[in-house]
Amino acid sequence: MEEFTLAIGDIIVGLDIGTSKVSLVVGEVNNFNQIEIICSTSSKCEGIKKGKIINEDEIALAIAKTIENAEDEANIKIPYPQIEVHNGK
């Protein structure tokens with residue numbers, strides 16, 4: 001995995017697409033080089049059943065809604081995300 005150098009004020013976003021919801025957390029690097037959580041939100045999603053994608057549009061809508069909610073809550077604009085897909089292994 002690639003290592004990143006973080007600066008004070010950098011924003012970090014984590015997105016989890018689960019079976020029943022899409023969750024997102026936003027953190028900001030503080031003066032102690034620690035990540036402080038500034039926002040956490042989720043949206044219901046029915047696009048995945050038993051670990052398989054059944055409706056891509058539903059997933060995309062849930063992701064967009066979750067990002068929009070986080071942007072409103074944290075008063076920031078989340079740019080294009082870097083997406084990493086892990087299979088749990």
Side-chain angles (χ1 to χ4, degrees):
M1 181 175 256
E2 187 177 339
E3 191 171 317
F4 296 98
T5 302
L6 302 173
I8 295 170
D10 280 356
I11 300 292
I12 298 170
V13 178
L15 178 71
D16 179 59
I17 303 169
T19 302
S20 62
K21 67 182 177 179
V22 172
S23 300
L24 187 139
V25 64
V26 180
E28 182 175 8
V29 178
N30 66 18
N31 294 338
F32 302 102
N33 206 32
Q34 299 170 330
I35 300 170
E36 290 184 34
I37 303 301
I38 59 174
C39 167
S40 177
T41 186
S42 63
S43 298
K44 184 177 178 182
C45 179
E46 297 178 353
I48 298 177
K49 294 288 185 219
K50 297 182 180 178
K52 297 188 188 269
I53 296 172
I54 60 167
N55 188 332
E56 291 177 13
D57 292 336
E58 170 71 23
I59 297 167
L61 287 172
I63 291 169
K65 181 179 178 185
T66 306
I67 290 173
E68 184 178 318
N69 291 345
E71 288 177 333
D72 290 344
E73 187 177 326
N75 196 28
I76 62 168
K77 179 71 177 152
I78 297 173
Y80 300 102
Q82 174 182 340
I83 298 176
E84 294 185 28
V85 178
H86 299 275
N87 66 359
K89 295 181 180 179

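Starting from 1, each residue takes its place in the sequence as its number. In what follows, every heavy atom counts, from backbone to side chain, and hydrogens, waters and symmetry copies are set aside.
- Here Leu61 contributes atom CG and Glu68 contributes atom CD; the two are 11.0 Å apart, rounded to the nearest 0.5 Å.
- More than 12 heavy atoms of other residues, nucleotides or ligands shown are found within 6.0 angstrom of CD1 on Ile54.
- For the atom pair CD1 (Ile8) and CG (Asn33), the distance works out to 7.5 Å, reported to the nearest 0.5 Å.
- Considering CD of Glu56 and CD1 of Ile48, their distance stands at 10.5 Å, rounded to 0.5 Å.
- Judged purely by distance below 3.5 Å, without hydrogens or angles, the side chains of Ser23 and Ser42 never pair a donor atom with an acceptor atom.
- Note on Val25: it does not cluster hydrophobically with Ile35, by side-chain heavy-atom contacts below 4.5 Å among ILVMFWY residues.
- Residues Asn69 and Leu24 have side chains not in contact (no heavy-atom distance under 4.5 Å, counting atoms from C-beta outward).
- The shortest heavy-atom contact between Glu58 and Cys45 is OE2-CA, 3.8 Å.
- Interatomic distance, Ile63 CD1 to Leu15 CG, rounded to the nearest 0.5 Å: 5.5 Å.
- Remark: Lys49 NZ is packed, more than 12 non-hydrogen atoms of other residues, nucleotides or ligands lying under 6.0 Å away.
- For the atom pair CD1 (Ile78) and CD1 (Ile67), the distance works out to 6.0 Å, reported to the nearest 0.5 Å.
- Note that NZ of Lys21 is 10.0 Å distant from OG1 of Thr41, once rounded to the nearest 0.5 Å.
- What you find for Val29 and Ala7 is that their closest heavy atoms are CB-O, 3.4 Å.
- Linking Ile, Leu, Val, Met, Phe, Trp and Tyr residues whenever their side-chain heavy atoms come within less than 4.5 Å places Ile53 and Val22 in a single cluster.
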